[in-house]
Amino acid sequence: MFAEIQVHDFSQETLFERLRKDADTNHKGNVGAIVTFTGLVRDNNQSGRIEGIELEHYPEMTQAALEKLVQETSLRFSLRSAGVVHRVGRLLNDEQIVWVGCAAAHRQAAFDGASFLMDMLKQSVPLWKKELNQGESIWVKPKASDDDAALKWLK
Amino acid sequence: MKITIKTFAQTREITKTPSLELDVEEKATVASVMAKLQERDENWSLALDTSVLTACNHQLCEKDMVLCDGDEVAFFPPVTGG
């Protein structure tokens, strides 16, 4: 398992191989599914075009919260491995923000694990986005749809 | 006893105070510390509204949590990562 916060960009291929190797360490031959998700910076919001975003975090707490979430996801869905990488700092449109990978014996657990990890990340991990446009910056407000997505796992 | 306060995102911008040391009474709670800070000025009063989240020693906590000497208490808005 791995959970990392970083400024620099990441390679999906490298992270996929890292996840696969980790899953194979204790479960070789019994890893039937790997699901990965990559979040990107859109070039617009509800009000129009933006130039990029800036992500702030609470270093000590963000790292601990991500590690805890990966462990919880792994246990909940009996994963063979799970990993997450989240970037912070200034990101331009189309850049990669976040990567999540879940390896499991069967596909449903891998899909569910990746979905759960992203839904809960948006609720419990201290990261804040600011949208940048023409020298101005506006904090992103939490979405009700994100709350609903997290709540469905509690039912 | 002494505690450390930290703020992030809008809460930091409104209070213009990323970090400060605060003397509080024994058995102070997160809520009593919030009330004490809100008395400081309008900015603190505005920043520590009902939507603010609280953490103690890097874990989300409830506002009735009793604090200990040396604790790090953080105030920040709902998160928006991902």
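So that the names make sense, note that chain A is the first sequence line, chain B the second, and so on, each numbered from 1. Just so it is clear, the values below take in all heavy atoms, side chains as well, and ignore hydrogens, waters and symmetry mates.
Remark: Ile138(A) CD1 is loosely packed, at most 12 non-hydrogen atoms of other residues, nucleotides or ligands lying under 6.0 Å away. By the 6.0 Å contact criterion, CZ on Arg20(A) is open, its count of non-hydrogen atoms from other residues, nucleotides or ligands being 12 or less. For Phe111(A), the CZ atom counts as loosely surrounded, since its 6.0 Å shell holds 12 or fewer non-hydrogen atoms of other residues, nucleotides or ligands. Around the CD atom of Glu42(B), the shell of radius 6.0 Å holds no more than 12 heavy atoms that belong to other residues, nucleotides or ligands.
With respect to chain B, the highest number of heavy-atom pairs below 4.5 Å among Thr62(A), Ile97(A), Val100(A), Val125(A) belongs to Val125(A).
The shortest side-chain heavy-atom distance between Glu13(B) and Trp139(A) falls under the 4.5 Å cut-off.
Both Ile5(B) and Met1(B) are assigned to one and the same hydrophobic cluster, defined by single-linkage of ILVMFWY side chains at heavy-atom distances under 4.5 Å. By the rule that hydrophobic residues join a cluster once side-chain heavy atoms approach within less than 4.5 Å of another member, Phe16(A) and Phe2(A) end up as members of one cluster. Linking ILVMFWY residues whenever their side-chain heavy atoms come closer than 4.5 Å, directly or via other members, leaves Ile5(A) and Trp99(A) in distinct clusters. Hydrophobic clustering, with ILVMFWY side chains joined whenever heavy atoms are under 4.5 angstrom apart, keeps Met118(A) apart from Leu15(A). Cluster annotation: Leu60(B) is not connected to Leu117(A) through the hydrophobic network of ILVMFWY side chains, with a link wherever side-chain heavy atoms come within less than 4.5 Å.
The backbone N or O of Gly82(B) sits less than 3.5 Å from a side-chain atom of His86(A), completing a donor-acceptor pair.
Shown here for Ala74(B) and Tyr58(A), the closest heavy-atom pair between the two residues is CB-CE2, 3.4 Å. Residue Leu121(A) comes nearest to Val79(B) through the heavy atom pair O-CG2, 4.3 Å, listed as atom of the first residue, atom of the second, then distance.
In this structure, the separation between OG on Ser124(A) and CD on Gln59(B) is 11.0 Å, given to the nearest 0.5 Å. Between Trp128(A) atom CH2 and Thr11(B) atom OG1 the span is 8.0 Å, to the nearest 0.5 Å. How far CD of Gln10(B) is from CD of Glu56(A): 9.0 Å, rounded to the nearest 0.5 Å. Residue Lys122(A) holds its NZ atom at 8.0 Å from OG1 of Thr80(B), rounded to the nearest 0.5 Å.
Only the backbone of Gln123(A) comes within contact range of chain B, judged by heavy atoms closer than 4.5 Å. For Lys141(A), the part lying near chain B is the backbone, with the side chain staying farther off; criterion is any non-hydrogen pair under 4.5 Å. If you measure heavy-atom distances from Ala9(B) to chain A, the contacts under 4.5 Å come from both the backbone and the side chain.
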Pair Asn57(B)-Met61(A), side-chain contact (heavy atoms from CB on, under 4.5 Å): steps then yes or no: CA-CA 8 Å; Asn57(B) 299 331; Met61(A) 183 174 169; over 6 Å; no

